[in-house]
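We use all heavy atoms of the structure for the numbers below, so side chains are in, but hydrogens, waters and symmetry mates are not.
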Amino acid sequence: MTDNLTAWLAVLDRFERALDAADEQLDEGFDAPPGPVPDELRERAEAVLGRQKMMVDSLAVSRAHVARELAALRRVPTSASDAPAYLDVQG
């Protein structure tokens, strides 16, 4: 097995582990192996890339949902007194 193939196998293994454990973070530094992805790994690399894109899209949707909830919470009036406050959660 060539050094380039071995290096790319390690990179793909690392990316797949990070995707499987969605909260795992990769180390700050990342250096891609030299040269292109070997042809025998192209299909696997494309599958990893597809999973990464789906994860990014999912995170963007979640972020937008959280932003809407935060905006709604900011619209709830705060009371400076001890008077009871009512919030219409139905309408």
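- Side-chain contact between Leu59 and Val56: absent, with no pair of heavy atoms (C-beta onward) separated by less than 4.5 Å.
- Here the straight-line distance linking atom CG of Leu5 with atom OG1 of Thr2 works out to 4.5 Å at 0.5 Å rounding.
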Give every donor-acceptor pair under 3.5 Å between a side-chain atom in residues 36-45 and any protein atom, sequence neighbours left out.
from: Arg44; atom 1: NE; to: Glu16; atom 2: OE1; distance (Å): 3.4
from: Arg44; atom 1: NE; to: Glu16; atom 2: OE2; distance (Å): 3.2
from: Arg44; atom 1: NH2; to: Asp13; atom 2: OD1; distance (Å): 2.4
from: Arg44; atom 1: NH2; to: Glu16; atom 2: OE1; distance (Å): 2.6

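- In this view, Arg75 and Ala71, Ala72 satisfy the side-chain contact (heavy atoms from CB on, under 4.5 Å) rule, not counting sequence neighbours.
- Not counting sequence neighbours, the partners of Arg68 by the side-chain contact (heavy atoms from CB on, under 4.5 Å) test are Ala64, His65.
- What you find for Trp8 and Pro34 is that their closest heavy atoms are NE1-O, 3.9 Å.
- The hydrophobic cluster containing Leu73, built from Ile/Leu/Val/Met/Phe/Trp/Tyr side-chain heavy atoms closer than 4.5 Å, comprises no other residue.
- Atom CG in Leu49 sits 11.0 Å away from atom CE in Met54 (nearest 0.5 Å).
- Applying the salt bridge (charged side-chain N to carboxylate O under 4.0 Å, His left out) test to residues at least two apart or on different chains, the pairs with a partner in residues 50-63 are Asp20-Arg51.
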